[in-house]
Amino acid sequence: MFDISPNIPIQELKSALLSVNNVQLFILRDDLLHSEVSGNKWRKLKYNIESAKALKSDAIVTFGGAFSNHIAATAAAGRIFNIKTHGVIRGEELKLLNPTLQKAQADGMTFSFVARSDYQNKELMVGFDDILNQFEAPFIIPEGGGNNNGVKGCSEIIPNDFNFDLCVLACGTGGTMAGVVSALKTGQSVLGFPVLKNASFLFDDIRAFLKPFDSLLGSWSLNLDYHVGGYAKKNNDLIQFIKLFYRKHNLKLDPIYTGKAMFGLLDLIKKGKFKNQKILFIHTGGLQGINGFEDRYKVTLFD
Ligand SMILES: *Cc1c(COP(=O)(O)O)cnc(C)c1O
């Protein structure tokens with residue numbers, strides 16, 4: 001019931017840069033998992049929804065920013081699996097809902113808007129009890145789906161029958177990365193590109209996510225150099241890169257996550273950091289956020 005689309009394509013990318021360095025680069029199209037609940041956000045919801053159903057919860061309550069992929073995915077999953085959803089949204093109530101929240105509302109999600117200062121301490125926030133009291137048995141999922149259920153779902157991203165040396169992906173909370181690390185075989189490693197500034201806290205967070213796993217076969221590392229100014233920030237190089245990548249490979253990257261990670265990876269390959277390797281890049285999805293990003297920055301990524 002909870003598997004939406006188990007056959008995810010893996011495509012090889014070809015370019016002169018890759019062949020000079022003898023790098024084989026494949027992209028796992030987890031963005032194609034589902035048209036509305038795309039990529040890693042579905043992976044993270046899978047066991048959470050299963051738990052909510054098993055506990056006979058009447059609603060899922062979760063958290064996110066106004067453009068959040070997790071909010072969009074939770075709302076759509078709630079509609080599909082017939083469970084109420086409530087989003088606690090960071091920031092003042094918007095007069096006009098942005099495209100992400102409009103779609104979430106159409107999927108049946110209700111919202112509470114909380115000031116950024118209250119939001120810091122989510123579970124203790126002022127008014128949180130009132131939010132929970134609207135429901136009989138609410139099931140709480142942390143921001144971005146970052147709990148053990150989420151990590152477990154992400155361990156299913158890596159296909160069993162595909163070999164690679166290095167796996168590359170974008171990191172927000174690091175939950176997806178932890179799931180992928182837990183699924184590695186001996187000799188394999190994962191490189192994560194955090195999209196937040198000052199993301200060295202992720203080393204500890206990922207270690208904490210990995211605690212429940214007793215034997216890890218692979219290794220992992222983070223490269224903190226490609227956040228482009230911070231979460232949802234942009235610069236001209238990133239925008240040009242995403243446009244060119246689309247023209248060249250006919251493949252859309254999102255500007256918040258996958259665009260930064262692919263930009264970082266190809267830049268490091270250009271600098272000669274990876275040679276003679278077979279690399280698997282995870283396209284974690286996030287394409288729903290493109291409209292909101294284009295509105296905010298008055299840019300067009302794909303024409
Ligand atoms: C949320 C998200 C990520 C980051 O996932 P974490 O598990 O929080 O690190 C990466 N890519 C996309 C497209 C996302 O929506």
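Counting starts at 1 for both ligands and their atoms, following the listed order. Nothing here was measured: the structure is a model prediction, and the numbers come from that model.
No hydrogens or angles considered: a donor-acceptor pair under 3.5 Å links the side chains of Asn21 and Lys275.
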Could you pull out all donor-acceptor pairs under 3.5 Å where a side-chain atom in residues 169-195 meets a protein atom, sequence neighbours excluded?
from: Thr173; atom 1: OG1; to: Gly175; atom 2: N; distance (Å): 3.2
from: Thr176; atom 1: OG1; to: Asn40; atom 2: ND2; distance (Å): 2.8
from: Ser182; atom 1: OG; to: Gly179; atom 2: O; distance (Å): 2.6
from: Lys185; atom 1: NZ; to: Asn160; atom 2: O; distance (Å): 3.2
from: Gln188; atom 1: OE1; to: Lys185; atom 2: N; distance (Å): 2.8
from: Gln188; atom 1: NE2; to: Phe164; atom 2: O; distance (Å): 3.1

Which atom pairs, one a donor and one an acceptor, fall under 3.5 Å between side chains of residues 293-303 and the rest of the protein, sequence neighbours left out?
from: Glu294; atom 1: OE2; to: Leu301; atom 2: N; distance (Å): 2.7
from: Tyr297; atom 1: OH; to: Ala232; atom 2: O; distance (Å): 2.6
from: Lys298; atom 1: NZ; to: Asp295; atom 2: O; distance (Å): 2.8

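In this structure, Phe63 and Phe128 have tilted ring planes: the angle between them lies in the 30° to 60° band.
Judged by the 6.0 Å distance and 45° axis criteria, Lys14 is not positioned over the aromatic ring of Phe26.
Under the rule for a ring pair (Phe, Tyr, Trp, His ring centres under 6.0 Å), Phe201 has no partner lying at least two apart in sequence or in another chain.
Enumerated by chain and number, the residues approaching ligand 1 to less than 4.0 Å through a heavy atom are Asn40, Lys41, Lys44, Asn69, Ala170, Cys171, Gly172, Thr173, Gly174, Gly175, Thr176, Tyr257, Thr284, Gly285, Gly286.
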